[in-house]
Amino acid sequence: MPVKSYIQAITLALREEMERDEKVFVLGEDVGVRGGVFRATEGLYEQFGSERVLDTPLAESAIAGVGIGAAMYGMRPIAEMQFADFIMPAVNQIISEAAKIRYRSNNDWSCPITIRAPYGGGVHGALYHSQSIESVFANQPGLKIVMPSTPYDVKGLLKSAIRDEDPVLFLEHKRAYRLIKGEVPDEDYTLPIGKADVKREGSDITVITYGLCVHFALQAADKLEAEGIDAHILDLRTVYPLDKEAIIEAASKTGKVLLITEDNLEGSIIGEVAAIISEHCLFDLDAPIKRLAGPDVPSMPYAPPLEKEFMVNPDKVEKAMRDLAEF
Amino acid sequence: MPVKSYIQAITLALREEMERDEKVFVLGEDVGVRGGVFRATEGLYEQFGSERVLDTPLAESAIAGVGIGAAMYGMRPIAEMQFADFIMPAVNQIISEAAKIRYRSNNDWSCPITIRAPYGGGVHGALYHSQSIESVFANQPGLKIVMPSTPYDVKGLLKSAIRDEDPVLFLEHKRAYRLIKGEVPDEDYTLPIGKADVKREGSDITVITYGLCVHFALQAADKLEAEGIDAHILDLRTVYPLDKEAIIEAASKTGKVLLITEDNLEGSIIGEVAAIISEHCLFDLDAPIKRLAGPDVPSMPYAPPLEKEFMVNPDKVEKAMRDLAEF
Amino acid sequence: MVKVDRKKKVIEQRHEQLGLNDEQVLDMYRNMLLARRIDERMYLLNRAGKIPFVVSCQGQEPGQVGAAFALDKEKDYALPYYRDLGVVLTFGMTTKDLFLQAFAKAEDPNSGGRQMPGHFGQKKNRIVTGSSPVTTQVPHAVGIALGAKMEKKDFVSFVTFGEGSSNQGDFHEGANFAAVHKLPVIFMVENNQYAISVPLSKQVACEKISDRAIGYGMPGITVDGNDPLAVYEAVKDAVTNARNGHGPTLIEVVSYRLLAHSSDDDDRSYRSKEEVDEAKEKDGIITFATYLRETNVLTEEIEVKLNDEIKSLIDDATDYAEKAPYADAKSIYKHVYAE
Amino acid sequence: MVKVDRKKKVIEQRHEQLGLNDEQVLDMYRNMLLARRIDERMYLLNRAGKIPFVVSCQGQEPGQVGAAFALDKEKDYALPYYRDLGVVLTFGMTTKDLFLQAFAKAEDPNSGGRQMPGHFGQKKNRIVTGSSPVTTQVPHAVGIALGAKMEKKDFVSFVTFGEGSSNQGDFHEGANFAAVHKLPVIFMVENNQYAISVPLSKQVACEKISDRAIGYGMPGITVDGNDPLAVYEAVKDAVTNARNGHGPTLIEVVSYRLLAHSSDDDDRSYRSKEEVDEAKEKDGIITFATYLRETNVLTEEIEVKLNDEIKSLIDDATDYAEKAPYADAKSIYKHVYAE
Ligand SMILES: Cc1ncc(C[n+]2csc(CCOP(=O)(O)OP(=O)(O)O)c2C)c(N)n1
Ligand SMILES: Cc1ncc(C[n+]2csc(CCOP(=O)(O)OP(=O)(O)O)c2C)c(N)n1
Ligand SMILES: [Mg+2]
Ligand SMILES: [Mg+2]
């Protein structure tokens, strides 16, 4: 199977879906001639033209809102937010509109839009080019939030998002774009939104996480194996709505659970994961649930030592996993 | 002590703070001549004039953003969002700006703004006049979110919010406005933001909640007392950042915990509360943590039977408390 | 006599000059009168405690109906705002539909009783579902027009909103987007002088809301909302432009909100009775009726029939809707996602 | 000879007519040159791998400095955007401060190394802290001006942003608010023809960004950003109006972004070398220098001294900043809330 980077998998999924369905189109800032500031839409403008790869004015609420209108009409828009941090002006369109269109119209109208946004830190982006923003949206029934970790998942899940009948927020870890590579089949395939994925089978401790941290956990697990610690790793993939069964199963399996997010701790996705576990498998636990996350400060600073202090990294993950195993 | 309604306590706090400090002013839609659509600012326009009780154009991002600018300059703005549901266009100003101004400027600038918004259901307001919106903001270090349940707390906490050196989101349950009455001292007093409050001492089960649900829990506790069930009730009051010590203490006290919110379940504040408990006092628990919340549908519908189905109410609370006690 | 004839001639030519025949202007009149009567009945029902909420169209029906008549009800899309009874009636929503929504019953085509009254939506008539936060529909209209352009269809998308709402960012962003991409959108501001209690002078400092058009590079026009023919003409021109690929237009329709903001509001605290009374004298329904009588389009016979027809429509619809069942409580778990 | 003299006279009168003496225009020149040289050095440092990021001011310094000189540095508030080296230098930020921020060191007065370069803020000079999401500073400027009005102070608030950013809702909402409440704000759009890769024609369909002013009921003016005196004059007039209680003004300053969007961008994929070269010929720093030489304000002697001064300022600042310590890693937990 060909090996591709995370961002190549994105471009590939976009291209294949645009080839497959004429209603699919891309809109956003600099997505056209420039191919996106990260190059996620590279080559699409050349292949599909300016009408299907739309450079929009600099206005996120319009990018989301115009996309929503087009989706209600019957198109399949893929709106790009240049950085996830800049999705904030579009919150009203996403929460008040996209998420509620089917429900409020009693199933008369629907809104099959995909909104892509690069999130996450470790790229010297400082406060406003590093944030995890999923928790702002992870309480909005009607919306789905997908955050894949591998190129394989990216391709399959982005295709599912585009074909989904409902709005999907598709969050891409920008540090993973070129760092993470993996096998990606040339064939057309989709992966189910709403399903977590066991990335490693293990029996001593359970790690539940998503995005870049999945890789940190996998690396740490390889190291810890030598020490006789066998980690079970569940990749949430869809962070809203959560895959409760998979979470319960993974937590029950080892009775020792570590939850990891790159987001600030308080109010992050993994709080809900902890709540699900404590509601459903409390008596299967052999240790308190552990959480590893960014600190509760607004976002990561720019200066390298400060950014490093903020970021979850393989060392911190390894230590947390070992501590839990030794509990 | 004089008995006042929840909304009277708001007006009183506003008036006293405006009398106390010339820098305090109010801005929002219809807050002036009309005294607010709920009448929270009644009489203030007459007393303080149009310059300190500002009717603004219909634009929430500007209401927040202009308030933020004024706060950075040194004023003490109190911005009103007419309904909490309409805070969404202002999310960028609140999350990207207000919450991060002190941090990003390394303590050079600050933003002492109070943003008031009526939230909550049970008023035939349908999808867009009933929402709980706290979870959208409850992952933003730099911001505080206060949600009082009683007129006494309203006055003391609103005063603290106005005097706070940092931005405070002050969420008022609109159904409590006239429904909830209680003693409110005439004196000037403040209550600490960030501290939960035990509203009832008990030894069998612990209920942790906030807002209108505090009253449902208190009512239910009175009934259950007759059945020999003694409930301990903690009112969070500040939902971000949470009062971890108080939560841990309350949960440990009885070992049986029920968390209640009117918000949709998944991703709500009480998920974080459950996570704190499961991290810190797992071995003190005698029952799985229970959560009672609105269902995971976008928001409550308008038709009375549908609204009722959605809303947490005293009966549902009583049942959940009894079930937990009997676990 | 000569004088009168001349005047009559000129008057007559107004609708004919616009290409409207007698039947069409009678239809226009019917729809605005129907909207008014429905609204009046809803207020009665509200005061009688039978329905919890009304948000009124009164004063704005002539502009709404005039505009909607300039559109093609077979293909154009409408994104009305909460006062647009005149628009949705013209686009095919029935009186019965409207009472079903007022009573929040299961059969309500707008939302099955999920939304408050005034939150229109009906896919079969291309009335696009709306929400409460004002102005969010503006970018939606632009997106639908983008669909027209991409699919090379010649429909237009027609969106309305209040003058207060034209201060929201979404208006600005949507209008600019439509102009840059030359999309077939008609932006119609219904300027009724108030945003709840806040008068125009505290909402904007420009002379006309249509002055905003030049900043987007699109035509802007202000018309008298009490004159349905003037509004018809303005919208018709804009539609022609849009269908020909010349892009969007901003139309400001000036009227007056004759009642309080909604059934929850009391307008006496912020405006005078005199002001309201003065506006009532310019009520476009009355002046249009006079025009139709003067041009012999509206005869006494027709008028009686029309009033009877409207009354029985409304009576039947009220009756039906009042008796109709609510949706099942358990239905609230449905339609969060596609099933 | 007569001819030449006459021309010179007219030219001389330009800055004098504006009430600027020779020293002042020299200062203006110094600041724009300093801004340019700082930017150039930062690019060098970036290419050498010493600083991770630069966002350039090149091409916009004349307008920035011209505008800032029209303000009162003792009382007015500036809300600059990321390219505004010329503004912050004029408002009192030092060369050393700027290199400290480029190197993200603890002593950086803007953020102590927390923010990326170009995110200005320095309270003692009334430079208001800014963020990355564009245009959020516009309502802030309005709020500060509201403070002036409420406290009956006569300062103005001056806010800048790119032409692409003028399409954000916050521009619209902020401008409208300021106009309705007649607040002392100067809105300055720095129109450099691009928003990253997107050319003006895909950002807006209006002829001039200043055409947006009428829609808010405020004066709008477009000036040549290569001419610092023209910008000075426009801003000066707006300031006078604002201080006299006549409300805000929208000023569009037309220039060209001479470099790529930032050190992370490559502009060759979306614009031609010819276009850039053409713009370079109109570089306002060069034409202003010519003017100053022609008017004998800038002599060779002064020029040499100035270049030396600037070079050593920059060398020293680079040196200092490079060696300065980062903030302590544990400091990231500080200043989330007041302590
Ligand atoms: C974003 C948002 N903010 C506030 C409201 C509350 N609200 C409902 S209607 C209204 C006034 C609207 O005024 P205008 O746009 O002039 O329309 P009109 O009601 O006069 O027809 C307000 C403030 C809302 N619906 N949405
Ligand atoms: C809300 C938001 N969206 C997107 C961006 C990413 N971004 C940074 S600068 C820029 C272009 C700005 O163009 P313009 O306003 O013309 O200013 P210029 O850079 O040309 O000076 C974009 C899209 C951002 N910073 N903020
Ligand atoms: Mg109005
Ligand atoms: Mg630009």
Side-chain angles (χ1 to χ4, degrees), chain C residues 133-136 138-139 142 145-146 161-183 185 187 189 191 195 198-222 241 245-250 252, chain D residues 133-136 138-139 142 145-146 161-183 185 187 189 191 195 198-222 241 245-250 252:
Chain C
V134 296
T135 334
T136 48
V138 170
V142 179
L146 180 63
F161 45 95
E163 85 293 346
S165 302
S166 79
N167 296 318
Q168 285 279 347
D170 268 4
F171 162 73
H172 179 68
E173 298 191 7
N176 185 63
F177 194 115
V180 168
H181 287 277
K182 270 195 174 299
L183 302 177
V185 194
F187 299 97
V189 188
N191 179 355
V198 185
L200 189 60
S201 61
K202 280 189 172 176
Q203 285 288 341
V204 302
C206 53
E207 269 178 46
K208 307 194 290 314
I209 306 289
S210 63
D211 283 344
R212 295 188 167 170
I214 188 176
Y216 306 114
M218 65 171 86
I221 177 169
T222 295
N241 267 331
H246 299 144
T249 303
L250 176 63
E252 176 187 18
Chain D
V134 297
T135 334
T136 48
V138 171
V142 179
L146 181 64
F161 44 95
E163 85 294 345
S165 302
S166 79
N167 296 318
Q168 285 279 346
D170 268 4
F171 162 72
H172 178 68
E173 298 191 7
N176 185 63
F177 194 114
V180 169
H181 287 277
K182 270 194 174 298
L183 302 177
V185 194
F187 299 96
V189 188
N191 179 355
V198 184
L200 189 59
S201 61
K202 280 189 174 180
Q203 286 287 341
V204 302
C206 53
E207 269 178 46
K208 309 195 288 316
I209 306 288
S210 63
D211 283 344
R212 295 188 167 170
I214 188 175
Y216 305 115
M218 65 171 85
I221 177 169
T222 295
N241 267 332
H246 298 143
T249 302
L250 176 64
E252 176 187 17

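Keep in mind that what you see is a predicted model, and the values were worked out from it rather than measured. To find a chain, count down the sequence lines: A is the first, B the second, and so on, and within it residues start at 1.
- Heavy-atom distances place both the backbone and the side chain of Gln168(C) under 4.5 Å from chain D.
- Of the residues considered (Cys206(D), Gly217(D), Gly220(D)), Cys206(D) shows the highest number of contacts with chain C, using heavy-atom pairs under 4.5 Å.
- Between the Thr135(D) side chain and the Ser165(D) main chain, a donor and an acceptor come within less than 3.5 Å of each other.
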>> side-chain contact (heavy atoms from CB on, under 4.5 Å) for Val204(D) and Asn167(D)? Distances and angles first, verdict last.
In response: CA-CA 8 Å; Val204(D) 302; Asn167(D) 296 318; 3.4 Å; yes
>> What verdict does the side-chain contact (heavy atoms from CB on, under 4.5 Å) test give for Val189(D) and Arg212(D), after you've listed the backbone C-alpha separation in whole Å, the side-chain angles of each residue and the deciding distance to 0.1 Å?
In response: CA-CA 11 Å; Val189(D) 188; Arg212(D) 295 188 167 170; over 6 Å; no
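- Residue with the most contacts toward chain D among Gly215(C), Ser166(C), Gly174(C), Ser201(C): Gly215(C) (heavy-atom pairs, distance under 4.5 Å).
- For the pairing with His172(D), the ring-ring contact (aromatic ring centres under 6.0 Å, His included) check across Phe177(D), Phe187(D), Tyr216(D) returns one residue only, Tyr216(D).
- Of the inter-residue distances, the one linking Leu250(C) atom CG with Ile214(C) atom CD1 reads 12.0 Å to the nearest 0.5 angstrom.
- With a 4.5 angstrom heavy-atom cutoff, Asn176(C) touches chain D only via side-chain atoms.
- For chain C, the nearby part of Phe171(D) is the side chain; its heavy atoms alone come within less than 4.5 Å.
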